[in-house]
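Below is one structure, written out as C-alpha cells; the observations come after it.
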Amino acid sequence: MALRVDSRDAGVRLPRTYRFGLTAASALALAAFAPQALAQDAPGTDAAEVTDEDGGILVTGIRFSIANSVNTKRNADSIVEAVSAEDIGKLPDQSIAESIARLPGLAAQRVNGRAQVISLRGLSPDFTTTLLNGRQQASSGDNRSVEFDQYPSELLSSVVIYKTPDASIAGMGLAGSADLRTVRPLEYGKTAIALNLRGELNTGGKLNDDVRNWGWRGSASWIGQNEAGTLGWALGYAHLDSPTQTRHTKLYNYETFCCGIDGNISPAGARASSFVTGQEVFAYSRENKRDALIGILEFEPSEAIHSTLDLYYSRFKQREVMRGSQWFSNVWADSQTFTNVGTTTIGGTSVGVTGTTNGVAPQLRNDYNTRDDKLFSVGWNNELALGESTTLVADLSYSRNKRDESITETYQGYGTGATAATQNANRTFDSIAWDFTDALSGSGGFPRFDEGLNYADASKVSLGDRAPWGGWGHDGATKDPQVIEKVWAIDLGLKRDLGEGFFRSVELGGNYTRRTKTKTVAEYDLFLKNGRAQTLVGSQYLLDPTSLGFAGMGNVLAIDLKQALPVYYDKTVYVDPNTFDKAWGIEEDIFTARAKVQLEAGPLRGNIGLQMVHQKQQSDGSAINTAVTPRVVTPVSKSASYTDWLPSLNLILDLGGGHRLRLAASKVLARPRMDEMRASFIPSFSNPCAGAGGSSVNCQPGGTINPWNGNGGNALLEPWRAKAIDVAYEWYIDKSSYVSIAGFHKHLDNYIYTQSQKFDFTGLQMPTTAIIPPGVTVSTLGQINQPANGKGGYIQGIELSGALGLGKLASVLDGFGIIGSYAYTKSNLRPTASTNAATVQATRIPGLSGTVWNLTGYFEKGGFQARASYRYRSAFKGEVVQLFAARGATEILADKQLDAQIGYTFGEDSSLKGLSILLQANNLTDSPYRTRLGVDGGGAKTADGSFLPETYEKYGRQFLVGFGYRF
C-alpha cells in the first residue's frame, strides 16, 4: 500500500497522532512490517510520486520515508528529528541504534562492532530517556540508558527524537527523548502479510573454530481488521542470528627505563627511548541471537471509544569466546632484554618501534562469556470522548528487563609439570620480535609480533597461572552479574478543545511511575584440581587452534571451555569488599502533574506547559567494614525526596513559502545514574594516634580525632537539572526536501562527579588495634569519596541538516537525492573535584564529540534503489567494560563508518509483484575502533604532549543478501 498525498497539501497527509499528547505523527505501518517490500506502482515510474485515479500522489520507496520523516519534523510542536521505517528497514542495521545515529545531533558508540548506545547533543546516554510508544522502558544495564540491541528495526514503524520537551510526556530526558513507535493496525486500514529474509557473511572469516562467520535474519508480520473496521490486530516476529568477529590488540603502557640496566637494552643508542611494557592479542568471536515479538490489538467501536493494547517481548542471547595471548615487556621482569631495537621520534620523544624482547613468558587465555537479556513490555491505552470537545485518556504500562551474564577467564602457558608450590617457577621463556611502525602511525594499525614457540602445541601448552611477579593466585575466575529492572506506570489525561481562539486546547494530567532495580554479582575463583598442578588438556576438549595472524603471531591453543571447565577446575566462592559494594537495590516513586495549553494565532502556533515532578528514592546496600577482622557487613538503607517545577515553551512562526522559525525554552532534569545511587560504602580506619601521630594535640586529653574515611555510592544524589533554550530556522522546499539550521544552549545547574564529602560513620565497629589515648574523643564524622552534585556549566552547539531531491535542479538527475547533517558541540562542563588548573581544563564529560556529521546519497527510479551512507564522529570519552568486568572511561578516537545497499522492487504489472530483492553492505571500509592511553589529560604522552595509541580493533565487512515479499 502507498500513502496518498493530495497535491494541494503542504505535506504528507498522516494518520492519527499518538495518544496522551504526543505531537509527532506515527509512520505508515507497512514500512515497518515490510520494509523491503514497498512496491512501485508502475515500472519505470518515479517511486516517490505516482498519480492515482483521483489525481492524488502515492508516495512509496525511499522518498516515502524521507517525506514521512520531514513531515513529522515539520508538524511537531517540539523540535524533533525522525526516521521512518523505510530508513530503518532498508539500511543494513542490526538494531535501531544504527539508524538513529544518522540523525542530526546524534552519535552512536560502537560496542563489539555494532552501535549500542546513543549520545544526543554531546551528552552521555545517561541524559536521554528511551520510550516505547511513549512509555518509559526498563534497561538491562547498570544504569538507565537503554541498549538498543533488544529492539529490532523490523518491528518498529518510526523513531522520533525529542530535542525539546513536550509537557504531555512524563519522564523526558535532559538531553532529549527517543520514542520508538510501533504500528496502529486500524490506521493501516487493510489486511497485509509480509515476509523478509536475509543472509549475512562477515568477510574477515571466522577467528575461532566454534563460532561461524555467517548468519541470517528474518521477520514475518500480519496486519488485519474486521469488516466493520472496529477491531484491528498486528502480529510480528523477528529473528536475528548475527555472529561477529573482533581482531583485538592493546598496548598497555610506555616506559623509559634509563639508568642501571644499560646492558638489557641494545644497541646503546636506544637505552633512553620509551618502550611498550605490556601487550595483548586476542581473537573474539560472538554469537548474537535475538528473538522479538510484538502483538497489538486495537478496538474502536465508535468515535467515542478507542482502546489499544501493546505487547512487546525480546530475548537477546550472546555467547562469546576469546582466545589469545598477553605478556609484559619489561626489563625489570625476569631479567628480560630488548635487542635489535630500532627507534623513531614521535612528538619529540624517541620510541622503540622495532626489536625483540627476550625472556618473555606469555600468559595464554581461553575465555567463555554469556549474556541473556529478556525484555517484556505491555501497555494499555484507553481514550474516551466525553462530549464533542473533551477527551479522557488512561494509559497503564509495565516494563521488565532482566540480564544474566557469566564472564569466565582461564590461563595457560608453555611448559608442564609445576605444582602449586612452584606455580610461578615453571615458566618457559620465549623471544618475541615486535614492530609497532603501523600501530604508532597517525592512522593506526595492528602491532606486529613474531614468537619463537608453538603455543598451539597441545603436548607443550598446559593449564595454569603463568603471570609474572608471583602470579595471580588462581587459575581462572568467573563473575556472574545479574540485573533486574521493573517499571510500572499509570498515566491519566484530560484534554478539552477550546475552539478557534488563541488558546486552542488545554490538557491536564498526572503520571505515577514506580521503578525498581537490583544488581548482584556472584564471583568465583577457579583452581586446577590436584593441588593446582599444571595439566595438559585432553584431545576431546580441543578445537582447531586459533590464529592470531592478523597481528603477525601464529596459532594458540583453543579449548572448548564450556565442556572442559568442570573437568579440570574447582570453583570456589570469592568474596571481597567489592563483592558487597557491587550489590545494590534502588526504588523510585515519581509523580508528575502536568498542564499544557495549545496556542495558535495566525502564523504563530505552539504550546506552553508546566510539569511538577515529585521524586522519592530509596537505596539499599551495605556498609562493608574492613577495619575489623573478620569484616563486618551491615545492611544500609537511605532515602530522599525532591520536587521540581519544569516549565516549557515551544513556538513556531510560519513565514510563508515553507519558511519558519522555532523557539523553545524549558527547564529539564535527568535522574542520577543508578549505580552511583547505591547506598553501599567501604569505610577504613586511619588510627591517627599511632606512632609519631600520638604527640599531636588531637591525641591529647580533651582532643578529638576523625579516623574514619571511605569510598562508596551516594543514595542522596539529586537529579541533574538544566535550563535550555533552542532556536531553529527551517525551510521546507517540497515534500521531501528541506534545510534546517538549529542552535541550542543548555546550562546545567549541577553535574555529578566524585568528590570528597563529609560523612557520618555512626554504628561502625572500631578495630581492636585502634589506639585511643585516655580522654580522646573519637568522632564518627569523616570524609568519603563518592559521587555528589557539584558545579555545573554549559553545553551548546549548532546543527545543520537537510534533504534534497536532485531532480529539482536538473532533469538528468531525476531519481538522485542527498540527505546530510553536521553538528558542532562544545562545553565548559568539567566533572572533577581537582583544583589543578591543567587537570580541570583537560577533564571532559562522557559522550561529547565536538564534530558529528552524516551524509547519505541515494538513487531510486523504475523499481531500482541504491543508497550509501557515511557517518563520522570525532574523538570522545566513552564508557566501556574494563578489567574485572568493571565499567570505566577511555578515550575513543574518531569513528567512521560507510554502509551501502542496492535493491529492486517488482512493479504492479510484473508476475513477481510484491517481491523485492536487495544486497546490503555494512562497514564497507572495515573502519577500526581505536583508543589512546589514558583519558582526559592522563596517560603516557610524548614530549610535545601528544597521546600514544592503546586499543586497535577491526570487525570486518558485513554483506547481506535477501528478499522481501508482501501480499
Side-chain angles (χ1 to χ4, degrees), residues 332 469-474 477 521 523 525 572-585 619-640 675-717 752-790 832-836 839 883-884 886 888 938:
W332 296 114
W469 295 298
W472 289 346
H474 53 263
V521 182
E523 301 185 70
D525 274 341
T572 303
V573 174
Y574 174 77
V575 178
D576 76 348
N578 288 319
T579 304
F580 299 98
D581 190 38
K582 295 172 185 174
W584 44 265
S619 176
D620 299 317
S622 301
I624 307 114
N625 190 354
T626 59
V628 296
T629 304
R631 75 173 68 90
V632 175
V633 180
T634 306
V636 176
S637 182
K638 293 185 178 182
S639 61
D675 54 352
E676 293 184 340
M677 289 174 64
R678 69 190 190 281
S680 299
F681 65 96
I682 304 175
S684 59
F685 193 90
S686 62
N687 217 359
C689 293
S695 61
S696 70
V697 173
N698 291 340
C699 293
Q700 305 304 312
T704 300
I705 59 174
N706 300 83
W708 290 104
N709 56 78
N711 295 278
N714 187 351
L716 307 181
L717 281 175
I752 298 171
Y753 52 92
T754 300
Q755 303 171 51
S756 180
Q757 302 279 302
K758 290 183 179 180
F759 193 81
D760 190 349
F761 292 87
T762 297
L764 295 180
Q765 179 184 341
M766 288 189 299
T768 56
T769 56
I771 298 175
I772 311 298
V776 172
T777 301
V778 179
S779 174
T780 59
L781 295 178
Q783 295 291 315
I784 189 170
N785 290 318
Q786 62 179 180
N789 297 92
T832 177
S834 174
T835 57
N836 182 284
T839 300
L883 288 175
F884 312 116

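Just so you know, residue 1 is the first one in the sequence shown, and it goes up from there.
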Mind jotting down which residue pairs meet the side chain to side chain donor-acceptor pair (under 3.5 Å) criterion with at least one end in residues 623-633? Sequence neighbours excluded, please. none

Could you grab the distance from atom CG of Asn578 to atom OG of Ser680, nearest 0.5 Å is fine? 10.5 Å

Listed by chain and number, what are the side-chain hydrogen bond (donor to acceptor under 3.5 Å, both in side chains) partners of Asn706, not counting sequence neighbours? Ser779

Are the side chains of Ile784 and Trp708 in touch, meaning some heavy atoms are under 4.5 Å apart? no

Separation between CZ of Phe759 and CG of Leu781, rounded to the nearest 0.5 Å: 10.5 Å

Which atom pair, heavy atoms only, marks the closest approach of Asn714 to Pro787? ND2-O, 2.8 Å

Would you be so kind as to tabulate the donor-acceptor pairs closer than 3.5 Å made by side chains of residues 761-775, with sequence neighbours excluded?
| unit_1 | atom_1 | unit_2 | atom_2 | d |
| --- | --- | --- | --- | --- |
| Thr762 | OG1 | Asp760 | OD1 | 2.4 |
| Thr762 | OG1 | Asp760 | OD2 | 3.2 |
| Thr762 | OG1 | Thr780 | OG1 | 3.3 |

If a pair satisfies salt bridge (Lys or Arg N to Asp or Glu O under 4.0 Å) and one of its residues is in residues 677-694, list it, with sequence neighbours excluded. Asp581-Arg678

I need the minimum non-hydrogen distance between Pro577 and Ile682, along with the two atoms involved. CB-CD1, 3.8 Å

Output for pair (Gln755 CD, Asn789 CG), nearest 0.5 Å, gives 8.0 Å

Contacts of type side-chain hydrogen bond (donor to acceptor under 3.5 Å, both in side chains), residue Thr634, not counting sequence neighbours: none

So, does Gln786 use its side chain to make a donor-acceptor pair with the main chain of Gly713 at under 3.5 Å? yes

Nearest non-hydrogen partners of Glu676 and Leu717, listed with the distance: O-CD1, 3.7 Å

Between Ile705 and Cys699 the two heavy atoms that sit nearest each other are CG2-SG, 4.2 Å

For the residue pair Ser622 and Val636, what are the closest heavy atoms and their distance? C-CG2, 3.9 Å

Test item: Ser619 side-chain N/O and Ala679 main-chain N/O as donor-acceptor pair under 3.5 Å: yes

Measure across Pro707 and Phe685 and return the closest heavy-atom pair with its distance rounded to 0.1 Å. CG-CE1, 3.3 Å

Looking at Thr777, Asn698, Val697, which hits side-chain contact (heavy atoms from CB on, under 4.5 Å) with Thr704? Thr777

side-chain hydrogen bond (donor to acceptor under 3.5 Å, both in side chains) filter on Gln700, not counting sequence neighbours, yields none

Could you tell me whether a side-chain N or O of Asn836 sits under 3.5 Å from a main-chain N or O of Thr839, the two making a donor and an acceptor? yes

What's the spacing between Gln783 CD and Ser756 OG if we round to 0.5 Å? 4.0 Å

